[in-house]
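Here the structure is laid out as structure tokens; the discussion comes afterwards.
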Amino acid sequence: MAAEYLRLVWNSTRFTIEPEDIYDHIARDAPVIIAMWHGQHFLMPFVRREEHRVKVLVSRHRDGEINAVAAERLGVESIRGSGNLGGGFVGKGGVSAFKEMLAALEEGYIVALTADVPKVARVAGLGIVKLASASGRPIYPIAIATRRRAALNNWDRTTINLPFGSGGRVAGEPIRVPADADDAALEAARRAVEVSLETATERAYAIADRQHGG
């Protein structure tokens, strides 16, 4: 039911895409790592084009099971595990999930995951930049917003997208992390992901709400 509801939202929303040639960039850099915020991710499976093979990191929590089933119904495979703010991916299947994501990228899959970690909204963790460093693949921050929506008052500001409106789909510039990145370089990359993703999110909402700016 969740998957079919999201399909309705997607098919009934008029989206503006920035940049317009984003798929050309992704094709050039593929496979890539897609970064998104918790609670803003429900329409992400529809960004996938038919030729894309995609895997998404989904937590092992009970709520994650619903997300995994819905994503797989929409053509996105799941990797189960979680991360934390300081260490990247530990516990909760994190180490095995990290290895699975590396393997998926090596096999040509696009890998998508939330940049912020559970209970710390809009603050990027180190896990995603460590994945970029270990794999050599760039991070693309992606945000999707719809004008018609319901926002929940919870830790990740979960937004339920509603059908029959307009929307914005925005991608930031790719972020590359050297294989030999030290702690300072990893922190700089983490901050770059955070800033780029927040900027993309603000722009997506501005487009959705018809406040285009410059």
Side-chain angles (χ1 to χ4, degrees), residues 1-3 5-6 9-10 13 33-47 54-72 74 76 78-94 97-98 101 111-132 139-163 165 167-172 175 189-209:
M1 289 178 62
Y5 171 76
L6 293 175
V9 174
W10 183 262
T13 302
I33 300 166
I34 300 295
M36 52 194 173
W37 284 141
H38 267 96
Q40 309 294 313
H41 62 281
F42 293 114
L43 294 177
M44 285 293 176
F46 298 100
V47 172
V54 181
K55 291 190 177 184
V56 62
L57 180 67
V58 179
S59 76
R60 292 189 172 186
H61 189 271
R62 182 175 62 254
D63 292 343
E65 189 65 31
I66 298 173
N67 287 333
V69 171
E72 289 178 7
L74 295 172
V76 177
S78 61
I79 296 171
R80 306 303 296 271
S82 301
N84 68 30
L85 183 62
F89 293 94
V90 296
K92 299 181 180 178
F98 189 85
M101 288 188 288
V111 170
L113 65 156
T114 51
D116 47 350
V117 296
K119 310 305 180 185
V120 189
R122 308 297 176 89
V123 176
L126 283 170
I128 193 167
V129 297
K130 288 183 176 180
L131 179 64
I139 300 168
Y140 273 78
I142 302 287
I144 302 176
T146 55
R147 181 174 61 83
R148 299 191 69 248
R149 59 186 181 266
L152 305 185
N153 185 25
N154 58 357
W155 74 269
D156 64 1
R157 311 176 209 176
T158 298
T159 299
I160 307 300
N161 306 104
L162 303 176
R169 296 163 53 191
V170 178
I175 297 166
R190 185 203 67 78
R191 179 60 179 160
V193 170
E194 188 175 293
V195 171
S196 182
L197 192 46
E198 192 63 12
T199 299
T201 300
E202 290 175 0
R203 181 58 180 162
Y205 275 98
I207 294 170
D209 294 336

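All residue numbers refer to positions in the sequence shown, counting from 1. Here the structure is a predicted model, which means the values were calculated and not measured.
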Identify the two heavy atoms, one from [X] and one from [Y], that lie closest to each other, and give their separation to 0.1 Å.
X	Y	result
Val117	Gly125	CG1-CA, 4.3 Å
Ile160	Tyr5	CG2-OH, 4.5 Å
Thr146	Asn161	OG1-ND2, 3.0 Å
Ala70	Ala3	O-CB, 3.9 Å
Ala200	Val170	O-CB, 3.7 Å
Ala115	Leu197	CB-CD2, 3.9 Å

task: For the pair Asp156 and Trp37, evaluate side-chain contact (heavy atoms from CB on, under 4.5 Å) and give the outcome as yes or no after the intermediate values.
output: CA-CA 8 Å; Asp156 64 1; Trp37 284 141; over 6 Å; no
Side chain to side chain, [X] and [Y], heavy atoms closer than 4.5 Å:
X	Y	result
Pro45	Leu6	no
Leu131	Phe98	yes
Leu74	Met44	no
Thr199	Arg203	no
Arg190	Glu194	yes
Val47	Val54	no
Arg149	Asp209	yes

- request: Determine the sole option in Val56, Leu57, Val58 for which the side chain to side chain contact (heavy atoms under 4.5 Å, CB included) test with Ile79 is passed.
  value: Leu57
Calculate, to the nearest 0.5 Å, the distance between atoms [atom1] and [atom2] belonging to [X] and [Y] respectively.
X	Y	atom1	atom2	answer
Leu43	Ile142	CG	CD1	13.0 Å
Leu113	Ile128	CG	CD1	4.0 Å
Thr13	Leu162	OG1	CG	9.0 Å

message: Going by ring pair (Phe, Tyr, Trp, His ring centres under 6.0 Å), name the residues that satisfy it together with Phe46, two or more places apart in sequence or in a different chain.
response: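 Expected list: Trp10.
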Side chain to side chain donor-acceptor pair (under 3.5 Å) partner of Asp116, chosen from His38, Gln40, Arg122: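 Answer after filtering His38, Gln40, Arg122: His38.
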Heavy-atom donor-acceptor pair, Arg169 side chain to Ile144 backbone, under 3.5 Å: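 Pair absent, no side-chain N/O of Arg169 close to backbone of Ile144.
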- prompt: Between the side chain of Ser78 and the main-chain N/O of Val76, is any donor-acceptor distance below 3.5 Å?
  reply: no
